[in-house]
Number of protein chains: 2
Amino acid sequence: MKLQLQIKMNEDLFLRNPEHTVLGRNIIKHSILLIAQNGFEAFTFKKLAEDIGTTEAGIYRYFENKHLLLIYIIAWYWGWLEFQISFQTNNITNPVVKLKKVIKLLATTVEDDATTSYVNESLLYQIVISEGSKAYLTKQVGEDNKHQFFKPYKDLCAVVGDIILDCNPKYKYPKSLATTIIEMAHFQNFFMNNLPSLTDFGKNKTESKIILFLNELVFSSVKKAKW
Amino acid sequence: MKLQLQIKMNEDLFLRNPEHTVLGRNIIKHSILLIAQNGFEAFTFKKLAEDIGTTEAGIYRYFENKHLLLIYIIAWYWGWLEFQISFQTNNITNPVVKLKKVIKLLATTVEDDATTSYVNESLLYQIVISEGSKAYLTKQVGEDNKHQFFKPYKDLCAVVGDIILDCNPKYKYPKSLATTIIEMAHFQNFFMNNLPSLTDFGKNKTESKIILFLNELVFSSVKKAKW
DNA sequence: TTTTAAAAGATAGTAATACTATCATAAATA
DNA sequence: TATTTATGATAGTATTACTATCTTTTAAAA
């Protein structure tokens with residue numbers, strides 16, 4: 001049996017649904033390739049069009065601008081990850097075990113998921129690390145938020161926050177700790193690979209040490225009240 | 001007695017030292033105003049020139065491009081903050097008290113410092129929150145790092161890391177915890193003001209709660225081994 | 001005080017980016 | 001077969017991100 005995973009995307013993000021057409025799926029696929037390769041600043045619709053073999057105007061029929069396209073693929077990732085988390089932590093009753101699993105999923109380089117044909121999750125993970133925060137660190141964040149563009153990110157944070165509360169219902173900052181875990185899983189990875197003197201991990205792609213750091217950080221806080 | 005605080009900047013950041021001339025100081029001053037007001041994406045040398053009453057070419061004589069200018073003002077901020085920290089924690093012998101003071105300084109909206117005439121630290125703090133990570137979240141991070149552009153940030157992280165080690169010499173992740181404190185002081189502030197559902201603070205500019213969160217987070221980790 | 005060098009102003013120009021518009025054609029659907 | 005829908009091809013505009021050149025002003029050195 002072959003399953004196809006579909007993530008329901010916010011309709012305001014695009015002019016034409018990219019999942020519905022070959023060109024649309026190519027836009028997503030090649031955006032991920034190009035942004036992963038050259039970074040978001042160097043990414044233009046012209047280059048994307050050339051890469052796909054279509055024209056600039058063709059891209060604009062799907063996305064108003066590259067910022068919305070970035071939000072789209074990042075939001076897609078959060079949606080996908082939330083599903084992964086719910087799937088992989090299903091049936092785990094111990095919230096501490098569950099939270100550890102979540103931290104591991106957040107901080108581990110993703111492998112390409114065969115159930116999503118046009119998305120390379122491994123590259124997407126790299127994009128989320130380097131470009132993820134640029135989705136909201138803008139002056140339009142308020143407007144974008146009104147459109148619910150950050151809902152997948154918020155939903156994931158809420159899920160993580162709830163697991164934290166399950167670990168310790170008296171813990172006072174579950175949401176802030178959740179965002180801290182998520183952001184730090186990525187920032188420590190970026191620092192480790194690019195500015196290693198900012199971390200305690202060395203430059204040897206040792207994600208396992210990031211996980212140890214996050215576990216230590218989270219559980220000393222969360223477990224502090226009786227456990 | 002009137003003191004003038006001078007921060008030694010990396011010479012590779014500029015073509016002509018902006019501190020040495022009226023125009024140069026105006027470039028810094030108005031960059032801060034414009035970036036704080038419209039965000040870094042909307043900031044152009046053309047607009048900056050118009051704001052100052054000079055020409056685009058005039059700006060290019062000082063800075064190669066707007067990214068280097070951003071790095072400049074952010075680096076300036078880290079340099080300034082490190083001085084503030086060393087000044088304000090001077091004579092504090094208890095490392096826990098010291099670390100608490102540092103967290104407070106990191107997470108509190110800065111007031112304009114009269115000893116620096118052309119820099120508005122209060123606006124600069126807002127820029128560091130919203131745009132700070134864009135200085136290094138690029139594909140050129142490696143090149144920029146070779147030029148030592150991030151030294152002021154690294155130095156500050158090292159200072160914080162050392163205080164953490166003073167609190168508990170056995171703590172394993174002083175550097176990563178230091179960057180976590182610094183980044184989260186800003187991210188939680190940004191979330192509180194722009195995506196409040198991601199935090200536990202509500203939207204009422206309650207920096208004090210961020211400080212409580214960070215203290216809780218840091219000291220449960222750091223104090224865990226005997227204190 | 002004069003000379004001269006450095007900084008700033010004025011203007012022009014180019015390549016790339018970020019779009020919008022139009023018209024023709026191909027493919028899918030009614 | 002008619003007709004809607006998606007794509008392709010082409011053109012054009014405003015803005016951005018620069019570089020170049022020449023003149024005038026300012027400031028420092030002789």
Side-chain angles (χ1 to χ4, degrees), chain A residues 9 11-31 34-35 37-73 118 131 134-135 138-140 143-144, chain B residues 9 11-31 34-35 37-73 118 131 134-135 138-140 143-144:
Chain A
M9 298 298 295
E11 305 254 325
D12 289 0
L13 279 171
F14 47 76
L15 301 168
R16 184 174 294 172
N17 195 323
E19 297 180 58
H20 290 354
T21 63
V22 177
L23 178 57
R25 290 187 290 268
N26 263 321
I27 289 173
I28 304 304
K29 182 178 175 179
H30 288 83
S31 295
L34 280 180
I35 296 174
Q37 195 160 70
N38 309 317
F40 184 63
E41 280 72 37
F43 172 76
T44 70
F45 278 5
K46 183 108 184 281
K47 289 176 194 164
L48 175 60
E50 276 161 19
D51 212 49
I52 296 174
T54 181
T55 59
E56 234 182 319
I59 316 286
Y60 279 104
R61 290 195 183 105
Y62 284 83
F63 290 96
E64 244 176 279
N65 55 59
K66 70 173 187 168
H67 185 242
L68 288 170
L69 176 48
L70 178 69
I71 294 181
Y72 181 97
I73 64 170
Y118 56 95
E131 323 287 352
K134 294 175 193 168
T138 70
K139 284 284 166 186
Q140 320 101 275
E143 273 307 302
D144 290 347
Chain B
M9 298 298 296
E11 305 254 326
D12 289 0
L13 279 171
F14 48 77
L15 301 168
R16 184 172 296 172
N17 194 325
E19 298 180 58
H20 289 353
T21 62
V22 177
L23 178 57
R25 290 186 291 268
N26 263 321
I27 289 173
I28 304 306
K29 182 179 175 179
H30 287 83
S31 294
L34 280 180
I35 296 175
Q37 194 160 72
N38 310 315
F40 184 63
E41 280 72 35
F43 172 77
T44 70
F45 278 6
K46 183 108 185 280
K47 289 177 195 164
L48 175 60
E50 276 160 20
D51 212 48
I52 296 174
T54 181
T55 58
E56 235 181 317
I59 316 286
Y60 279 104
R61 289 194 184 107
Y62 285 82
F63 290 97
E64 244 176 280
N65 55 58
K66 70 174 188 167
H67 185 242
L68 288 171
L69 176 47
L70 178 70
I71 294 181
Y72 181 97
I73 63 170
Y118 56 95
E131 323 287 352
K134 295 174 192 169
T138 69
K139 283 285 166 186
Q140 321 100 276
E143 274 307 303
D144 290 347

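In what follows, chains are A, B, ... by sequence order, proteins preceding strands, each numbered from 1.
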Rounding to an integer number of Å, can you tell me how far Leu15(A) CG sits from dT5(D) P?
16 Å

Just list the side-chain donor-acceptor pairs under 3.5 Å for residues 45-61 of chain B, sequence neighbours left out, or say none.
residue  : atom : partner  : partner atom : Å
Lys47(B) : NZ   : Ala42(B) : O            : 2.6

Answer with base, sugar-phosphate or nothing: what part of the nucleic acid does Tyr62(B) contact at a heavy-atom distance below 4.0 Å?
sugar-phosphate

When rounded to the nearest 0.5 angstrom, what is the spacing between CE in Met9(A) and CG in Asn17(A)?
9.0 Å

Atom-to-atom span, CG of Leu34(B) to C1' of dT16(D) - whole angstrom
15 Å

Enclosure of Lys139(B) NZ (heavy-atom neighbours >12, cutoff 6.0 Å)
yes

Take atom CG of Asn26(A) and atom C1' of dA6(D), then tell me their distance rounded to the nearest Å.
14 Å

Rounded to the nearest Å, what distance is computed from the CZ atom of residue Phe40(B) to the C1' atom of nucleotide dA17(D)?
12 Å

So how far is it from Thr138(A) OG1 to Leu70(A) CG, rounded to the nearest 0.5 Å?
10.0 Å

Given axes from five pairs at either end, by how many degrees does the helix from dT1(C)-dA30(D) to dA30(C)-dT1(D) bend, rounded to 10°?
20°

Quick check on Lys29(A): does its NZ atom have over 12 non-hydrogen neighbours (other residues, nucleotides or ligands) under 6.0 Å away?
no

Name the closest nucleotide to the Thr21(A) side chain, picking from dA9(D), dT7(D), dG9(C).
dT7(D)

What pairs with Asn38(A) under side-chain hydrogen bond (donor to acceptor under 3.5 Å, both in side chains), at least two apart in sequence or on another chain?
none

Any donor-acceptor pair under 3.5 Å from Asn65(A) side chain to Leu68(A) backbone
yes

Is Thr55(A) close enough to dA9(D) that one of its side-chain N or O atoms is under 4.0 Å from OP1 or OP2 there?
no

How does protein contact run along nucleotides 20-30 of chain C, one letter per nucleotide 5' to 3', with B for base contact, S for sugar-phosphate only, - for none, heavy atoms under 4.0 Å?
BBB--------

Rounded to whole angstrom units, what separation is found between the CG atom of Leu69(B) and the C1' atom of dC18(D)?
15 Å

Rounded to whole angstroms, how far apart are NE2 on His20(B) and C1' on dA5(C)?
17 Å

Side-chain heavy-atom pair Tyr72(A), Ser31(A) within 4.5 angstrom cut-off:
no

Is there a side-chain contact between Phe43(A) and Leu69(A) in this structure, where contact means two heavy atoms from C-beta onward sitting under 4.5 Å apart?
yes

Listed in order of residue number, which residues of residues 41-49 of chain B have a non-hydrogen atom at under 4.0 Å from DNA chain C?
none

Gap between atoms CZ and P, on Arg16(A) and dA6(D) respectively (whole Å):
5 Å

Residues which pass side-chain hydrogen bond (donor to acceptor under 3.5 Å, both in side chains) with Lys134(A), listed by chain and number, not counting sequence neighbours
Glu41(A), Glu131(A)

Tell me: CD of Glu50(A) to P of dA9(D), nearest whole Å?
13 Å

Apply the test side chain to side chain contact (heavy atoms under 4.5 Å, CB included) to residues Ile27(B) and Tyr118(B): give CA-CA distance (whole Å), side-chain angles for both, the deciding distance (0.1 Å), then the verdict.
CA-CA 9 Å; Ile27(B) 289 173; Tyr118(B) 56 95; over 6 Å; no

